[in-house]
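Working notes, structure below.
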Amino acid sequence: MAKFGFNSSEVDVNATVSRDPIPAGDYVLKCLEAEEKETSSGGTMIKAKFEVVGGEYDGRWVWNNYNIVNASEKAQNIGRQQLVSWATACGKPEADDTDKLIDKKFTATVGIEKGTGGYSDSNRIKSYLMPESGSAPATKPAVKPAPAAKPAAAKGTNPWD
């Protein structure tokens with residue numbers, strides 16, 4: 001038998017937890033877990049679960065899949081490039097195993113992918129922000145999402161009008 005280790009009467013079972021995607025923007029992330037899985041088409045992918053570190057969305061999760069063996073050479077190349085980008089953003093460009101990337105902080109641009117087939121919208125890592133040469137991976141608090149772009153000024157007007 002496993003004990004809970006906390007007072008269950010202090011937990012609000014009716015509290016709502018948002019499952020909506022976090023706003024698109026740059027965030028500090030760390031990988032919590034990654035596993036190799038076979039795809040339905042007979043290829044191989046790595047499924048990874050990331051956690052936002054710091055900022056308003058601290059503790060929220062983002063999942064990403066990386067094709068490493070795929071019948072589509074393009075999909076395979078994209079997946080492999082993303083893995084190397086992730087490793088490089090963590091300051092571990094020589095990494096050859098996801099175990100070397102677990103719990104390593106890095107900064108990435110997270111976007112929102114439209115849901116299909118009855119699934120809700122979800123977050124996906126769109127790009128990895130590389131640390132400056134000679135510096136450690138980013139560990140600053142997560143950056144708030146960029147505000148929505150303002151409409152461009154009409155021709156012939158000044159931006160301060």
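Heavy-atom basis, side chains included; hydrogens, waters and symmetry copies ignored.
The shortest heavy-atom contact between Lys92 and Lys104 is CE-CE, 3.7 Å. Closest approach of Ile125 and Ala108 over heavy atoms only: CG2-CB, 3.9 Å. Across all their heavy atoms, Ala89 and Met130 have their closest contact at N-SD, 3.7 Å. Gly54 and Asp58 make their closest contact through N-OD1, 2.6 Å (heavy atoms, listed as atom of the first residue, atom of the second, distance). Nearest heavy-atom pair across Tyr57 and Val52 is O-CB, 3.3 Å.
Taking OG from Ser41 and CG from Asn67, the interatomic distance works out to 7.5 Å, rounded to the nearest 0.5 Å. For the atom pair Ile46 CD1 and Thr98 OG1, the distance stands at 5.5 Å (nearest 0.5 Å). To the nearest 0.5 Å, the span separating CG on Asp99 from CD on Glu33 amounts to 12.0 Å.
No more than 12 heavy atoms of other residues, nucleotides or ligands sit less than 6.0 Å from atom CD of Glu73. Environment of NZ in Lys126: crowded, with over 12 heavy atoms of neighbouring residues, nucleotides or ligands closer than 6.0 Å.
Judged as a side-chain contact (heavy atoms from CB on, under 4.5 Å), and not counting sequence neighbours, the contacts of Leu32 are Lys30, Lys49, Glu51, Trp61. With sequence neighbours excluded, the residues forming a side-chain contact (heavy atoms from CB on, under 4.5 Å) with Val69 are Thr44, Gln76, Arg80, listed by chain and number.
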Using atom types as modelled, flag every donor-acceptor pair under 3.5 Å from a side chain in residues 109-121 to any protein atom, sequence neighbours excluded.
from   : atom 1 : to     : atom 2 : distance (Å)
Thr109 : OG1    : Asp26  : OD1    : 2.7
Thr109 : OG1    : Ser127 : OG     : 3.3
Asp121 : OD1    : Gly115 : N      : 2.9

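Ring geometry for Tyr128 versus Tyr66: interplanar angle of 30 to 60°, hence tilted.
Hydrophobic cluster membership differs between Leu101 and Met45, with clusters built from Ile, Leu, Val, Met, Phe, Trp and Tyr side chains linked at under 4.5 angstrom. The cluster map of Ile, Leu, Val, Met, Phe, Trp and Tyr, joined by side-chain heavy atoms under 4.5 Å apart, puts Leu129 and Phe106 in different clusters.
Using a distance-only test at 3.5 Å, with no hydrogens or angles considered, no donor-acceptor pair links the side chain of Asn70 to the main chain of Ala75.
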In sequence, state the C-alpha distance, the side-chain angles, and the governing distance for Asn64 and Trp86, and then conclude on side chain to side chain contact (heavy atoms under 4.5 Å, CB included). CA-CA 11 Å; Asn64 234 57; Trp86 169 24; over 6 Å; no

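Here the side chains of Asn65 and Thr39 are not in contact, with every heavy-atom distance at 4.5 Å or above. Considering only heavy atoms from C-beta on, Tyr27 stays 4.5 Å or farther from Val62 through its side chain.
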